[in-house]
Amino acid sequence: MKQYNHFYVDGGLAASNGASHIPVVSPMTEQIIGEVRSCSPEDVQRAIASAQKTLPAWASSSLADRKALLVRLRAEIEKRTEAFAESLAREMGCPVWLGCAMQVPMGLRGLDFAIEGIDAITWTERVGNGLVQRVPVGVVAAITPWNFPLHQIVAKVAAAIAAGCTTVLKPSEVSPGAGQLFIEAIHASGAPAGLVNLVWGGADVGHALVTSPSINKISFTGSTNVGRQIMAAAAENLTPVTLELGGKSAAVILDDADLDLAITAVARLALVNAGQACVSQSRLIAPSRLVPEIVDRVRAALKAWPMGDPMSAETRLGPVATVSQFGHINRMIEQARAGGARLCTGGDGATSKQSQGWFVPPTLFSDVTPDMDIAQKEVFGPVLALMGYDSVTDAIRLANSTRYGLSGAVWSADVAQAAAFASQMTTGQVVINGAPQNLATPFGGVGDSGFGRENGRFGIEELLTYRAVHGSEALS
């Protein structure tokens, strides 16, 4: 059984002293496969103090030194690709192919764009008799989720390193292996002691971080409800926050779209990582006249996603990560059926035909109306809700009918028409015709999806503030 009983502080491991022992449970076997020993309040304070101690030296480090460290860190993470993929498969059910093809590459690309972002930032500029400087905010508390753990850790920690900040990282206790491997890569990269610190624990450890007056910035990715709690707690010390929260993204098919391309892509983006992605395209909005054809096409597309052991190369869809998530998804499915949505394929976990494991089959609902929970609330599972529209105005209304605004997609043979539609979507990003993901652009949401941005120079800028030096004409 894997033990996570040491936190990382002052450039080395130290025994965690918290009272909680958190089980790590395999979503495939439902058996305990590890244990996380939480940090005590004293451990958390020690990690914060370590970050504070290192901050002045790193804040004054050269841009060349920051880039060199990130380059070394990238190499150390890449060496551990297979280990990351295996850990994600065992602890959160992500198929190994997806770990190698998506989870780890996203982290590596994030590092690439952080490195490039350093040179894209205007660190100083002259305004009249003043020199305007971009300076690090200070000690960053980075709280990351279990679904894309490496990518989210990199998005926060690499940006902090590039900005000249120090970090106290709290990875998810659900998939701790990714956090452990990341900190091994940090150590092997030769990062200065105290630059990046790691603490283990649940909500109590997170609360200790976000309420500390010694934390200068909080960056959180997770649920909207927890984001609200963090924002309220941070207000006591007026600590600024970046919140990347939930989503209910819509994929909109316009009347002239290529259905062969669109349906395959939408199915993939609804099911990848078992639908456990904040940008999951969980709503499909299509012309009403095409709904019967689209139902048939989606059914066929979902057959290409066989469920099974995430350690197997043949598996495309693994189990969902936790028993609580399994229960939530099943309840959402049953509520949708009871509320009048038509179940076209799939269903709750009982229909998965798996003898063990938290498996939810690829599921499609049609006849979904905007007032239904399945159209409004985040499922975070392999469930797609199909909604019909009769005019472009109606399609825009449906796309913007939730409180979330993280991502979205538009499909049309006319790119100009797609772009015009995209400009009316209230969301942080829109993908036209399945365009490749661009991690150099800002990522974040509006409404219940949070605020602030990550990725590339934009993520670095979130961790900088301004200092204006007046009467500095003689300074370069």
Side-chain angles (χ1 to χ4, degrees), residues 1-24 32-59 61 69-70 72-73 76-77 79-80 83-84 87 91 138-146 149-150 152-154 156-158 160-161 165-220:
M1 187 167 72
K2 182 73 172 177
Q3 297 287 339
Y4 300 96
N5 51 19
H6 288 78
F7 68 115
Y8 189 74
V9 62
D10 292 322
L13 296 175
S16 300
N17 295 294
S20 299
H21 297 260
I22 306 168
V24 180
I32 295 174
I33 58 173
E35 184 180 77
V36 175
R37 174 78 180 268
S38 69
C39 287
S40 67
E42 294 76 19
D43 295 338
V44 175
Q45 292 309 310
R46 182 179 169 189
I48 294 171
S50 172
Q52 284 183 301
K53 182 175 64 177
T54 302
L55 178 63
W58 191 251
S61 64
L69 176 56
L70 290 173
R72 296 195 301 272
L73 177 58
E76 292 296 335
I77 288 174
K79 287 180 188 176
R80 293 165 172 79
F84 275 109
S87 174
E91 294 183 349
V139 178
V140 178
I143 303 175
T144 58
W146 49 259
L150 175 62
Q152 287 296 326
I153 290 171
V154 165
K156 300 179 191 308
V157 177
I161 291 171
C165 297
T166 57
T167 307
V168 180
L169 167 67
K170 192 193 89 66
S172 170
E173 66 279 13
V174 172
S175 53
Q180 183 71 42
L181 287 164
F182 177 81
I183 217 66
E184 289 177 10
I186 282 283
H187 190 78
S189 70
L195 178 63
V196 181
N197 306 271
L198 178 147
V199 294
W200 295 117
D204 56 336
V205 171
H207 183 74
L209 274 178
V210 303
T211 56
S212 171
S214 299
I215 293 295
N216 306 114
K217 175 81 176 191
I218 299 163
S219 182
F220 169 76

What's the spacing between [X] [atom1] and [Y] [atom2] if we round to 0.5 Å?
X: Asp10; Y: Lys53; atom1: CG; atom2: NZ; result: 4.0 Å
X: Gln152; Y: Ser219; atom1: CD; atom2: OG; result: 8.0 Å
X: Leu69; Y: Trp58; atom1: CG; atom2: CH2; result: 5.0 Å
X: Lys217; Y: Lys156; atom1: NZ; atom2: NZ; result: 10.0 Å
X: Asn5; Y: Cys39; atom1: CG; atom2: SG; result: 10.5 Å
X: Glu35; Y: Trp200; atom1: CD; atom2: CH2; result: 13.0 Å

Determine yes or no for a side-chain-to-main-chain donor-acceptor pair under 3.5 angstrom, with [X] supplying the side chain and [Y] the backbone.
X: His187; Y: Gly12; value: no
X: Glu91; Y: Gly177; value: yes
X: Arg37; Y: His6; value: no
X: Lys170; Y: Ala141; value: no
X: Ser175; Y: Trp146; value: yes
X: Ser189; Y: Ile186; value: yes
X: Asp43; Y: Ser16; value: no
X: Thr54; Y: Ser50; value: yes
X: Thr167; Y: Leu169; value: no

[X] versus [Y], closest heavy-atom pair with distance:
X: Val174; Y: Ser172; value: N-OG, 3.0 Å
X: Phe182; Y: Val154; value: CE1-CG2, 4.1 Å
X: Ser87; Y: Leu181; value: CB-CD1, 4.3 Å
X: Glu173; Y: Gly202; value: OE2-CA, 4.0 Å
X: Gly138; Y: Cys165; value: O-CB, 3.1 Å
X: Pro171; Y: Thr144; value: CA-OG1, 3.3 Å

Working for side chain to side chain contact (heavy atoms under 4.5 Å, CB included), residues Ile215 and Ile48: CA-CA 7 Å; Ile215 293 295; Ile48 294 171; 4.1 Å; yes

Passing option when Val139 is tested against Leu209, Thr166, Asn197 for side-chain contact (heavy atoms from CB on, under 4.5 Å): Thr166

Side chains of Val24 and Val36 in contact at under 4.5 Å (non-hydrogen atoms): yes

Arg80/Glu76 salt bridge by N-O under 4.0 Å criterion: yes

